[in-house]
Amino acid sequence: MIRAAARRRDAEQNDWLLRGTPPPPWLRWPPPLLLVAAALLQWITPETVDLTFLVAAAPPLAALSYGPAATALLGGTVIMLLALPDVGLGRPGNRDELTIAFIALLSVVFAWVRSRREAQLVTVRTVAEAAQFAVLPPLPERVGRVRFAGLYQAAQHESLVGGDFFDVRRGPGSVRALIGDVRGHGLAAVGTVAALLGAFREAVLDQPDLKGVAARLDRRLVVDSEDDENAELFATAVLLEFPDDSSVVRVVSCGHPPPLLLRGPEVTELPVTSSPPLGLGIAGLAPPEQLTVPLLAGDRLFGLTDGVSEARDASGTFYPLADRISAMVKADPTILDDPADLTERVWSDVLRYAGTIRDDVTMMVFAPEERVPGAEDQLLGAEEGLLGAGERVSGLAGQPPGPGGRLPGPEDPPGSKEEPEEPAPGSKEQFSGPKE
């Protein structure tokens with residue numbers, strides 16, 4: 001689901017010499033090809049031209065990709081070619097054989113050292129990747145009725161985990177998702193990321209709503225920073241909840257960039273009120289405001305971190321994410337059917353726009369399916385406690401809120417709701433309904 005390791009392995013193939021990783025397979029071909037080419041050239045050139053220096057380069061070149069045994073075999077082949085008079089590579093009396101034999105022996109030693117170092121690095125990297133994947137394990141393509149895909153890129157070149165974090169979990173009666181960004185990035189932020197993800201996975205099962213989940217995450221950071229007066233642990237996060245019995249999404253933001261609603265080519269930033277970041281001890285005292293957005297069939301939600309929204313081009317202009325996604329959907333509407341393809345296209349577009357990204361980047365696309373057949377027909381019911389204190393209803397479903405701050409249900413007779421004025425396209429009044 002999160003495709004970072006594959007791109008990192010591709011990068012390792014490009015800069016293997018500096019990273020100490022195993023060399024690519026194609027590097028095994030130059031040593032034998034060099035021997036064959038040198039022998040043919042020496043055979044067709046006059047005897048006055050000495051090409052022994054070419055075959056002398058074969059053993060060191062083999063040591064870059066071969067093991068010690070294969071390097072020794074190639075070095076012996078070189079010495080044998082020098083000893084054959086018909087090949088014409090050697091010159092009696094000039095000690096070429098002894099010099100190249102010494103070079104071949106050093107090459108074998110070098111190949112042995114390199115092989116041991118590669119084995120040690122592979123072991124260390126395997127353990128490191130296992131530890132990092134324990135913090136951010138690969139997610140499935142589906143949880144409950146929500147399909148999703150994402151892309152994660154850590155800012156630190158060697159790391160699989162950075163300062164961004166994400167998770168999607170099944171809770172009682174709903175699917176809950178988390179996207180966040182801790183202070184700092186790279187390996188220094190992994191401890192905070194692990195603590196927050198652990199708290200989220202517990203809170204998903206225990207807390208009745210997203211505000212309770214946010215309070216649990218806030219408390220986790222507050223407790224972790226109590227023993228260090230100089231600690232400045234805080235994180236931004238956005239929480240999403242997809243109930244099983246309602247075609248809505250509930251959103252809570254703690255200082256995080258709001259998700260985007262993709263309804264065909266129309267891309268809208270959800271007007272969720274941004275509460276203070278986690279770790280300040282505020283979420284438990286002043287719960288964040290929750291936004292409820294009715295969803296239509298085919299709607300998609302695009303979650304992100306500031307590594308995407310704050311990417312800039314050479315002139316310092318921020319990446320226009322909403323406009324770019326809208327243009328992509330207009331050019332190819334089918335990308336909404338494939339969340340993974342959408343995230344890959346956006347990432348490629350961000351790289352073309354900004355060139356180099358120096359921050360952690362996370363993108364997730366959620367594709368909720370229609371609610372389970374037989375569930376209640378009301379999208380929202382205030383009388384059933386779906387709307388709590390401080391919760392807003394968004395009118396994005398195409399219907400204005402009815403009496404009591406809820407969307408019209410089947411029990412409302414025709415004409416029972418007041419017809420509001422048509423809001424201007426793109427205005428906040430188009431999205432936000434009354435507060436409960």
Side-chain angles (χ1 to χ4, degrees), residues 1-21 24 26 125 128-129 132 136 138 148-166 179-190 193 235-238 255-260 262 265 267-269 300-332 334-336 338-365:
M1 179 292 224
I2 302 295
R3 295 169 303 284
R7 289 192 303 274
R8 188 162 285 102
R9 293 189 189 99
D10 293 340
E12 290 174 358
Q13 296 293 325
N14 296 329
D15 54 358
W16 59 272
L17 188 58
L18 298 178
R19 300 169 67 94
T21 54
W26 61 264
R125 289 173 65 84
E129 287 192 5
Q132 293 180 76
L136 284 178
F148 56 92
L151 183 146
Y152 178 68
Q153 183 72 41
Q156 190 164 336
H157 191 50
E158 297 288 336
S159 177
L160 295 176
V161 179
D164 288 358
F165 56 96
F166 54 87
I179 303 174
D181 183 5
V182 305
R183 177 180 178 269
H185 54 77
L187 293 177
V190 173
V193 168
T236 65
V238 63
H256 197 80
L260 303 178
L262 280 57
V267 180
T268 307
E269 185 178 278
R300 302 290 182 261
L301 288 161
F302 190 98
L304 67 150
T305 57
D306 58 8
V308 181
S309 58
E310 295 182 1
R312 307 188 189 195
D313 61 8
S315 65
T317 304
F318 288 110
Y319 177 71
L321 177 61
D323 294 340
R324 293 291 185 125
I325 294 180
S326 178
M328 293 178 192
V329 176
K330 289 178 181 178
D332 182 10
T334 61
I335 62 172
L336 291 179
D338 188 354
D341 184 34
L342 177 58
T343 57
E344 287 289 356
R345 294 198 192 188
V346 173
W347 173 242
S348 299
D349 191 54
V350 171
L351 288 178
R352 286 193 298 269
Y353 183 88
T356 302
I357 306 298
R358 293 182 173 84
D359 197 3
D360 300 316
V361 170
T362 298
M363 293 181 281
M364 296 186 72
V365 177

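Heads up: numbering here begins at 1 and tracks the sequence. Keep in mind that what you see is a predicted model, and the values were worked out from it rather than measured.
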J.: Take I179 and M364 through the test side-chain contact (heavy atoms from CB on, under 4.5 Å) and record every step on the way to the result.
T.: CA-CA 8 Å; I179 303 174; M364 296 186 72; 3.9 Å; yes
J.: How many angstroms lie between atom CE of M363 and atom CZ of F166, to the nearest 0.5 angstrom?
T.: 12.0 Å
J.: Main chain of F318, side chain of Y353: is a donor-acceptor contact present, judged purely on distance under 3.5 Å?
T.: yes
J.: Determine the minimum heavy-atom distance between S326 and P265, stating which atoms define it.
T.: OG-O, 2.7 Å
J.: Please report the interatomic distance OH(Y152) to CZ(F165), rounded to the nearest 0.5 Å.
T.: 10.0 Å
J.: Would you say the side-chain atoms of R300 pair up with the backbone N or O of L262, donor to acceptor, closer than 3.5 Å?
T.: no
J.: Among L304, V350, L321, which one satisfies side-chain contact (heavy atoms from CB on, under 4.5 Å) with S309?
T.: L304
J.: Taking it one step at a time, do V346 and F302 satisfy side-chain contact (heavy atoms from CB on, under 4.5 Å)?
T.: CA-CA 11 Å; V346 173; F302 190 98; 4.2 Å; yes
J.: Can you name the closest pair of heavy atoms from R345 and M328 and give their distance?
T.: O-CE, 3.8 Å
J.: Distance check, rounded to the nearest 0.5 Å: I357 atom CD1 versus Q153 atom CD?
T.: 9.5 Å
J.: Hey, mind stepping through L151 and E344 against side-chain contact (heavy atoms from CB on, under 4.5 Å) and telling me if it holds?
T.: CA-CA 7 Å; L151 183 146; E344 287 289 356; 3.8 Å; yes
J.: Any chance you could measure D341, atom CG, to I335, atom CD1, to the nearest 0.5 Å?
T.: 6.5 Å
J.: Give, for atom CG of D306 and atom CG of D181, the distance between the pair rounded to the nearest 0.5 Å.
T.: 5.0 Å
J.: Check whether the side chains of T305 and D164 place a donor and an acceptor atom closer than 3.5 Å, and report yes or no.
T.: yes
